Visitor: 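There's a structure below that I have some questions on.
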Amino acid sequence: MNAKRLIAFLLALLMSLLVLPLGVWAEAEPQFRFSLAIDGSTVKYARPGDIVTVWFTLERTDSADPFLMYAFQNEIRYDSTCFALVEDSLFLKDGIQARDIDARGKNRELYMNYVSLTGGTQWNAKTIVGSFQMKVLAETGAAALTSLDCSVSRPGGKSSYSIATQDVLVVISEQCTVSYETGTGESRPTQTVTSGQAVARPADPLREGYRFTGWYADVDCTVPWDFNRTVTSNTRLYAGWQWEDGGETPQPPKEETLPFVDVQQGEWFYDSVCYVYRAGLMNGVSETLFSPNASTSRAMIVTILWRLEKSPATTYAMKFADVAPGRWYTEAIRWAASTGIVNGYSEVSFGPDDSITREQMAAILWRYAKLKKKNVNVRADLSPYTDANQISSYAIAPMQWVCGIGLIRGIEENVLSPQTGATRAQTATILQRLSLELQK
């Protein structure tokens with residue numbers, strides 16, 4: 001073969017390689033679907049009092065090949081006025097942890113997560129994640145069980161693959177109810193409409209110091225309700241409000257001397273204490289003491305976030321028996337409970353004076369970030385930490401997030417210490433990082 005023919009051959013070969021599909025050069029990005037079903041269907045007709053079994057499946061939709069699972073999470077939301085989780089009915093694939101938690105707006109969430117501590121575990125392309133049973137409480141209409149914040153982590157946990165969800169609807173009758181939450185104590189009558197029809201718009205509520213922005217389909221007031229839209233299930237609509245004074249998150253004023261004799265320049269926490277003090281997020285324990293090594297209580301961290309939100313008022317009927325009226329933290333805890341940032345040890349116990357653990361703080365900050373519509377899908381790989389198995393199931397995803405964005409770091413290279421308390425100096429540092437993260 002002479003030189004010209006060789007060159008022509010090589011050019012032809014190069015051109016043929018250039019037009020090959022992208023999949024030849026790189027492996028396709030995995031895609032997933034998380035599906036809920038009852039009796040193999042996404043619609044189940046039932047009667048009040050019936051027990052229904054919900055199966056949930058994670059399926060790889062781009063390929064039938066097994067894959068390495070590093071971590072995943074999902075929250076299955078249901079209306080507690082329509083369903084009750086049957087006790088001891090939850091069945092889960094090995095390694096998955098779950099917890100039924102109180103959520104906002106009369107909702108509950110079955111939160112589940114899985115973390116491989118071995119650097120990835122092989123899962124089949126279609127895996128039955130588990131099942132649970134629900135007792136139907138609703139007497140009319142229809143109600144959905146819905147997947148929220150579903151994610152499958154990429155290697156390293158810094159981001160997640162694309163994932164679709166398939167929800168399930170339980171139908172009791174064609175007569176659906178539409179109820180309203182004003183957030184002011186002012187009520188609006190529940191309306192009943194036939195499935196497939198629109199509902200009439202009620203009168204706008206009033207709230208002193210706020211402007212009514214409309215009715216919303218979600219408790220976070222991010223999805224406006226279109227009153228030309230047809231109703232297909234029992235629906236709860238939420239009044240949206242905007243503070244008339246507006247304003248941004250308070251920023252620290254210019255440099256000034258700190259009044260605390262126990263916070264000196266050159267100490268690792270000095271800048272953070274300056275930041276939170278000048279921003280009005282943390283005060284001293286006295287006029288001259290900050291007590292950087294003292295522990296942070298659960299009431300303290302909630303009050304700090306409340307201040308960050310400009311101390312909003314709420315009429316939420318708080319059930320915590322250990323949160324007395326008129327205490328310095330009462331209204332902060334009332335607000336945090338109303339938003340779902342805190343759940344308490346139980347429905348009637350909060351433990352305001354208890355020292356907050358690092359994992360409890362992670363969970364509260366994670367929920368607060370969700371309230372602020374921030375990306376909470378970042379997932380750090382916790383396997384290098386020798387005490388990662390000490391993280392409670394509810395706190396795994398929050399700990400992955402706070403570690404992933406650098407809010408909380410190990411107290412040593414391989415020690416996360418999730419069950420230990422956080423000092424006021426550590427809390428100040430974490431809050432400074434959080435404030436800066438929220439401004440991004």
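Note: hydrogens, waters and symmetry copies are ignored here, and every other heavy atom, side chains too, is used. Here the structure is a predicted model, which is why all the values come from computation and not from measurement.
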Visitor: Just to verify, which of Leu145, Val52, Leu92 counts as forming a side-chain contact (heavy atoms from CB on, under 4.5 Å) with Phe132?
Guide: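 When Leu145, Val52, Leu92 are each tested with Phe132, the side-chain contact (heavy atoms from CB on, under 4.5 Å) holds only for Leu145.
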Visitor: Are any of the side-chain heavy atoms of Phe72 and Val152 separated by less than 4.5 Å?
Guide: yes
Visitor: Within the structure provided, determine whether Arg367 and Asn343 are in side-chain contact (heavy-atom separation under 4.5 Å).
Guide: yes
Visitor: Show, in sequence, the C-alpha distance, side-chain angles and deciding distance for Asp381 and Ser383, and conclude whether the side-chain hydrogen bond (donor to acceptor under 3.5 Å, both in side chains) test is met.
Guide: CA-CA 6 Å; Asp381 180 10; Ser383 59; 2.7 Å; yes
Visitor: Would you check if Val276 and Phe269 make a side-chain contact, meaning some heavy-atom pair closer than 4.5 Å?
Guide: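 No. Closest side-chain heavy atoms not under 4.5 Å.
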Visitor: Could you check if a side-chain atom of Thr423 sits within less than 4.5 angstrom of a side-chain atom of Pro292, using non-hydrogen atoms only?
Guide: no
Visitor: Counting only heavy atoms not in Glu139 (residues, nucleotides, ligands), do more than 12 fall under 6.0 Å from its CD?
Guide: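 No, because the 6.0 Å sphere around CD of Glu139 holds 12 heavy atoms or fewer from other groups.
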Visitor: Could you list the residues that satisfy side chain to side chain donor-acceptor pair (under 3.5 Å) with Gln175, not counting sequence neighbours?
Guide: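 Partners of Gln175 by the side chain to side chain donor-acceptor pair (under 3.5 Å) criterion, ordered by chain and then number, come out as Thr194.
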Visitor: Distance alone, cut at 3.5 Å: any donor-acceptor contact between the side chains of Asn414 and Thr386?
Guide: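 Absent: no donor and acceptor within the cut-off.
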Visitor: For Trp123, does the six-membered ring have the charged nitrogen or CZ of Lys93 within the cation-pi criterion, i.e. under 6.0 angstrom from the centroid and within 45° of the normal?
Guide: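 Yes; both conditions hold, so Lys93 lies above the ring face of Trp123.
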Visitor: Please list, chain by chain and in numerical order, all residues satisfying salt bridge (charged side-chain N to carboxylate O under 4.0 Å, His left out) with Arg33, sequence neighbours excluded.
Guide: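 Result, salt bridge (charged side-chain N to carboxylate O under 4.0 Å, His left out) vs Arg33: Glu59.
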Visitor: Compute the ring centroids of Phe32 and Phe67, then answer whether they are less than 6.0 Å apart.
Guide: yes
Visitor: Please check this pair: side chain of Thr303 against backbone of Ala332, looking for a donor-acceptor N/O pair closer than 3.5 Å.
Guide: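 Not a single qualifying donor-acceptor pair exists.
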